[in-house]
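In what follows, a structure is listed as structure tokens, so that the remarks can point back to it.
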Amino acid sequence: MAPHDFWQEIHPRGTFAGDGEFTSFYVAALEDGRQLRLPIRVLGDGEHALASLIVNQASFAVLDALAENLAEKIRPMRIDVVAGLPTLGLTLAAAVAQKLGHDRYVPLGTSRKFWYRDELSVALSSITTPTQQKRLYIDPRMLPLLAGRRVALIDDVISSGTSIVAALDLLTGCGVEPAVIGAAMLQSERWRESFAAAGPQWIARTVGVFATPILERNAAGRWQTPA
């Protein structure tokens, strides 16, 4: 596959073998059995890898399918407003809000506008940009949209969980406790530790469209789920 071909099509159930060994792509399965091919990103040790998803590079059809699935998962929670995490989570959050019938959503941001207030921000780190020193902000004008409402906090991928925990810190400082955390992909199980440290309720409040494991290289040089 060419790099730009990933994330462009949802395939019917059984199109690809979804277990065993993988070479150039990982096959993720939605709950209804449909499949999505994801590129495999090798980690620094060369022996482990992760499946990758970049929502804002996905086709509209794939984005629509992921947003529809996530919206259906959180719809029973009677969400009043969706808040999205930058950068890639904003694309999914906007689409989920539309699927829920909302007129708008609340984007969090990492770009400080002159009317933002430093006390309405927290430090932010990301597994994909570990060397960048960033802060996560909420526009003070958006606070009335969140106060006293049932909020869904949406990101594209939950991996280490550090970005979501930062957003929880920010929202908690504003008196907002999200009713649910949602993502298109739950990438491995690493996020559980940081979520548990943030509060015992957060793991139970987290939903994803699909989950992917950490992969390890086998003797044949292919990738497989650890036994």
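We count residues from 1, following the sequence as given. Note that the structure is predicted; figures quoted are calculated from it, not measured.
When atom types are taken as modelled, the side chain of T206 and the backbone of W202 share a donor-acceptor pair closer than 3.5 angstrom. No donor-acceptor pair closer than 3.5 Å links the side chain of S159 to the backbone N or O of L186. A side-chain donor-acceptor contact under 3.5 Å links R112 to the backbone of Y116. With D45 contributing its side chain and H48 its backbone, the two residues share a donor-acceptor pair below 3.5 Å. Without hydrogens or angle criteria, D155 side chain to I158 main chain gives no donor-acceptor distance under 3.5 Å. In terms of modelled atom types and a separation under 3.5 Å, the side chain of R41 and the main chain of A51 share no donor-acceptor contact. Listed for the W7 side chain is a donor-acceptor partner under 3.5 Å among the backbone atoms of S52. Between the side chain of R117 and the backbone N or O of P140 there is no donor-acceptor pair closer than 3.5 Å.
Annotation: salt bridge (charged side-chain N to carboxylate O under 4.0 Å, His left out) contacts of R37 (sequence neighbours excluded): none. Residues satisfying the side-chain hydrogen bond (donor to acceptor under 3.5 Å, both in side chains) criterion with R104, sequence neighbours excluded, are absent altogether. For T91, the side-chain hydrogen bond (donor to acceptor under 3.5 Å, both in side chains) test picks out no residue, with sequence neighbours left out. Scanning for side-chain hydrogen bond (donor to acceptor under 3.5 Å, both in side chains) contacts around E193 gives an empty result, with sequence neighbours left out.
Among all heavy-atom pairs drawn from Q8 and S59, the shortest one is O-OG, 3.0 Å. Nearest heavy-atom pair, Q187 versus R190, reported as atom, atom and distance to 0.1 Å: OE1-NH2, 3.6 Å. When all heavy atoms of Y105 and G84 are compared, the pair lying nearest together is CD1-N, 4.2 Å. Among all heavy-atom pairs drawn from T162 and S194, the shortest one is N-OG, 4.5 Å. Closest of all the heavy-atom pairs between L92 and A184 is CD2-N, 3.6 Å. Summarising the geometry of A166 relative to A123, their closest heavy-atom pair is CB-O, 3.7 Å, with the distance given to 0.1 Å.
Expressed to the nearest 0.5 Å, how far CG of L136 lies from CG of L168 amounts to 10.5 Å. Here the straight-line distance linking atom NE2 of H11 with atom CZ of R34 works out to 11.5 Å at 0.5 Å rounding. To the nearest 0.5 Å, the span separating CG on L30 from CG on L66 amounts to 6.5 Å. Taken to the nearest 0.5 Å, the CZ atom of F25 stands 8.5 Å off from the CD1 atom of I40. Atom-to-atom distance recorded for I10:CD1 and T15:OG1 is 10.5 Å, nearest 0.5 angstrom. F210 contributes atom CZ, which lies 11.5 Å from atom CD of E31 (distance to the nearest 0.5 angstrom).
Between L53 and the options T212, L88, V62, V157, a side chain to side chain contact (heavy atoms under 4.5 Å, CB included) holds for only V157.
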| request: Any chance you could lay out the side-chain contact (heavy atoms from CB on, under 4.5 Å) test for V82 and V106, step after step, and finish with the verdict? | output: CA-CA 6 Å; V82 172; V106 173; over 6 Å; no
| task | Test salt bridge (Lys or Arg N to Asp or Glu O under 4.0 Å) on E177 and R205 and set out the steps. | result | CA-CA 11 Å; E177 181 173 304; R205 293 189 192 180; 2.9 Å; yes
| query | For L215 and Q224, what are the C-alpha separation, side-chain angles and deciding distance, and is it a side-chain contact (heavy atoms from CB on, under 4.5 Å)? | reply | CA-CA 5 Å; L215 302 171; Q224 65 182 30; over 6 Å; no
| task | May I have the step-by-step check of side-chain contact (heavy atoms from CB on, under 4.5 Å) for C174 and L120, ending in yes or no? | result | CA-CA 8 Å; C174 298; L120 298 179; 3.7 Å; yes
| request: Begin from the C-alpha positions of V151 and I79 and carry the test side-chain contact (heavy atoms from CB on, under 4.5 Å) through to its verdict. | output: CA-CA 6 Å; V151 176; I79 296 304; over 6 Å; no
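At least one side-chain heavy atom of P213 sits less than 4.5 Å from a side-chain heavy atom of Y26. Between L143 and I138, some side-chain heavy-atom pair lies under the 4.5 Å cut-off. Between I214 and L50, the closest side-chain pair of non-hydrogen atoms falls below 4.5 Å. Two residues are said to be in side-chain contact when any heavy atoms from C-beta on lie closer than 4.5 Å; H102 and D80 fail this criterion. By the 4.5 Å heavy-atom criterion applied to side chains, D156 and L85 are not counted as neighbours. N56 is listed as a side-chain neighbour of I54, based on a closest heavy-atom distance under 4.5 Å.
Taken together through direct or relayed side-chain contacts under 4.5 Å among Ile, Leu, Val, Met, Phe, Trp and Tyr, L36 and V27 form part of one hydrophobic cluster. No single ILVMFWY cluster, assembled from side-chain heavy atoms under 4.5 Å apart, contains both Y137 and L145.
The salt bridge (charged side-chain N to carboxylate O under 4.0 Å, His left out) pairs that include a residue from residues 207-223 are E21-R222, where partners are two or more places apart or lie in different chains. Applying the salt bridge (charged side-chain N to carboxylate O under 4.0 Å, His left out) test to pairs two or more places apart or on separate chains, those with a residue in residues 85-103 are D64-K99, E68-K99.
Using a 30° and 60° split on the angle between ring planes, W191 and F195 fall in the perpendicular class, above 60°.
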